[in-house]
Amino acid sequence: MADTARTAPPRSPLSHAAGRLAAATRASGGAVRLAELPFLAQVDVRLDAKGAAADAVGLALGLQLPLEPNTVVRAGELTALWLGPDEWLLVGPPGIQRDLEARVREAAGDEPVSVTDVSAQRTTLLVAGIRARDLLSHGCSLDLHPHAFTPGRCAQTTLARTQVVLIARDEPGTGFWVLVRSSFAGYLTDWLLDAATEYVHGPHPD
């Protein structure tokens, strides 16, 4: 007898918090915008930045792997983050992780390369709005002033004592991505929602 049972759709780590994030966004009147960006493809790549594989992988992906520390390169829907001298994180739309893995491995050829799908390890929080930097500064020791942490930069840091990867997006008005381990996502979301209450009835900048 054929198995007619349907597979339950996957649930993101913060699916239960979607309503609270949306309510906080509305209540802030545009000061902050909070949302989960679930299921983004995330692939960790390690290879010799000075080797032939780096250029070949860049051509295969349609973007150059960033070589400057803590910077981001974006091409279309694909983003490459510098995590170390020989390590990058590729972030893209949901479901393309296998394609990314295959393209990197094929481009690298016989050159040493490590490619790991880490999509299930983290989820992504969007923090945007005119008070986004102020909100993040409450729990992050980095200097997030626009002249210091400019669009197109990233950092492995702590936010509310939680290890995250923080990305300053380079599209106008898109704010920040906060990549956080799934097991800490609920805690960090609670912290952000609590910190955001300051802007519900607080003064807005001129």
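- Separating the CG atom in Asp170 from the OG1 atom in Thr71 is a distance of 11.5 Å, to the nearest 0.5 Å.
- The CD atom of Glu101 sits 10.0 Å away from the CG atom of Leu90 when rounded to the nearest 0.5 Å.
- The shortest non-hydrogen separation linking Trp177 to Val91 is CZ3-CG1, 3.7 Å.
- Residue Ile167 forms a side chain to side chain contact (heavy atoms under 4.5 Å, CB included) with just one option from Leu89, Val72, Val178, and that option is Val72.
- The minimum heavy-atom distance between Leu135 and Ala196, with the atom names listed, is CD1-N, 3.7 Å.
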Return all side-chain donor-acceptor pairs below 3.5 angstrom for residues 46-67, not counting sequence neighbours, or 'none' if the list is empty.
residue: Arg46; atom: NH2; partner: Asp86; partner atom: OD1; Å: 2.9
residue: Asp48; atom: OD1; partner: Lys50; partner atom: N; Å: 2.9

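- Annotation for Ala168 and Phe149: closest pair CB-CE2, 3.7 Å, computed over non-hydrogen atoms.
- The minimum heavy-atom distance linking Gln97 with Pro94 is given by the pair OE1-C, 4.3 Å.
- Note that NE2 of His138 is 10.5 Å distant from CG of Leu192, once rounded to the nearest 0.5 Å.
- Using a 4.5 Å heavy-atom cutoff, the side chains of Leu179 and Gln42 are in contact.
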For this session: Show your working on side-chain contact (heavy atoms from CB on, under 4.5 Å) between Phe176 and Arg133 and close with a plain yes or no.
Result: CA-CA 9 Å; Phe176 299 85; Arg133 290 180 186 270; 3.4 Å; yes

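- Heavy atoms of other residues, nucleotides or ligands lying less than 6.0 angstrom from CG of Asp110 number 12 at most.
- In the hydrophobic cluster analysis, where Ile, Leu, Val, Met, Phe, Trp and Tyr join through side-chain heavy atoms closer than 4.5 angstrom, Leu37 is grouped together with Val118.
- Nearest heavy atom pair, residue Arg131 against residue Val32, reads CB-CG1, 3.9 Å.
- Taken to the nearest 0.5 Å, the CG atom of Leu40 stands 11.0 Å off from the OG atom of Ser12.
- In this structure, OG on Ser137 lies 9.0 Å from CG on Leu142, to the nearest 0.5 angstrom.
- Arg169 contributes no side-chain N or O that, together with a main-chain N or O of Gly175, makes up a donor-acceptor pair within less than 3.5 Å.
- A search for side chain to side chain contact (heavy atoms under 4.5 Å, CB included) contacts involving Arg33 returns Thr25, Leu126, Ala128, not counting sequence neighbours.
- Tracing side-chain contacts under 4.5 Å through hydrophobic residues (I, L, V, M, F, W, Y), one reaches Val113 starting from Leu78; they form part of the same cluster.
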Problem set entry | Worked verdict on Val45 versus Glu87 for side-chain contact (heavy atoms from CB on, under 4.5 Å) | CA-CA 6 Å; Val45 177; Glu87 183 177 10; over 6 Å; no

Problem set entry | side-chain contact (heavy atoms from CB on, under 4.5 Å) between Val43 and Val104, intermediate numbers included | CA-CA 10 Å; Val43 175; Val104 171; 5.7 Å; no

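- A continuous path of hydrophobic side-chain contacts links Leu193 to Leu136 [ILVMFWY only; heavy atoms under 4.5 Å].
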Using distance only, find each side-chain donor-acceptor pair of residues 150-166 under 3.5 Å and give its atom names and separation, not counting sequence neighbours.
residue: Arg153; atom: NH2; partner: Pro69; partner atom: O; Å: 3.3
residue: Gln156; atom: NE2; partner: Leu83; partner atom: O; Å: 3.0
residue: Thr162; atom: OG1; partner: Ala160; partner atom: O; Å: 3.4

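- Using a 4.5 Å heavy-atom cutoff, the side chains of Thr123 and Leu14 are in contact.
- Side-chain contact check for Thr124 and Glu36: no donor-acceptor pair (N or O, by modelled atom type) lies under 3.5 Å.
- Formation of a donor-acceptor pair under 3.5 Å by the Arg105 side chain with backbone atoms of Val115 is found in this model.
- Residue Glu111 places its CD atom among more than 12 non-hydrogen atoms of other residues, nucleotides or ligands, all under 6.0 Å distant.
- Atom CZ of Phe184 has 12 or fewer heavy atoms from other residues, nucleotides or ligands within 6.0 Å.
- In this structure, Leu125 and Thr189 have side chains that are in contact, with non-hydrogen atoms separated by less than 4.5 Å.
- With salt bridges taken as basic N to acidic carboxylate O contacts below 4.0 Å, one links Asp190 and Arg20.
- Nearest heavy atoms, Ser182 versus Pro13: OG-CG, 3.6 Å.
- Linking ILVMFWY side-chain heavy atoms closer than 4.5 Å, directly or via other members, places Leu81 and Leu100 in two distinct hydrophobic clusters.
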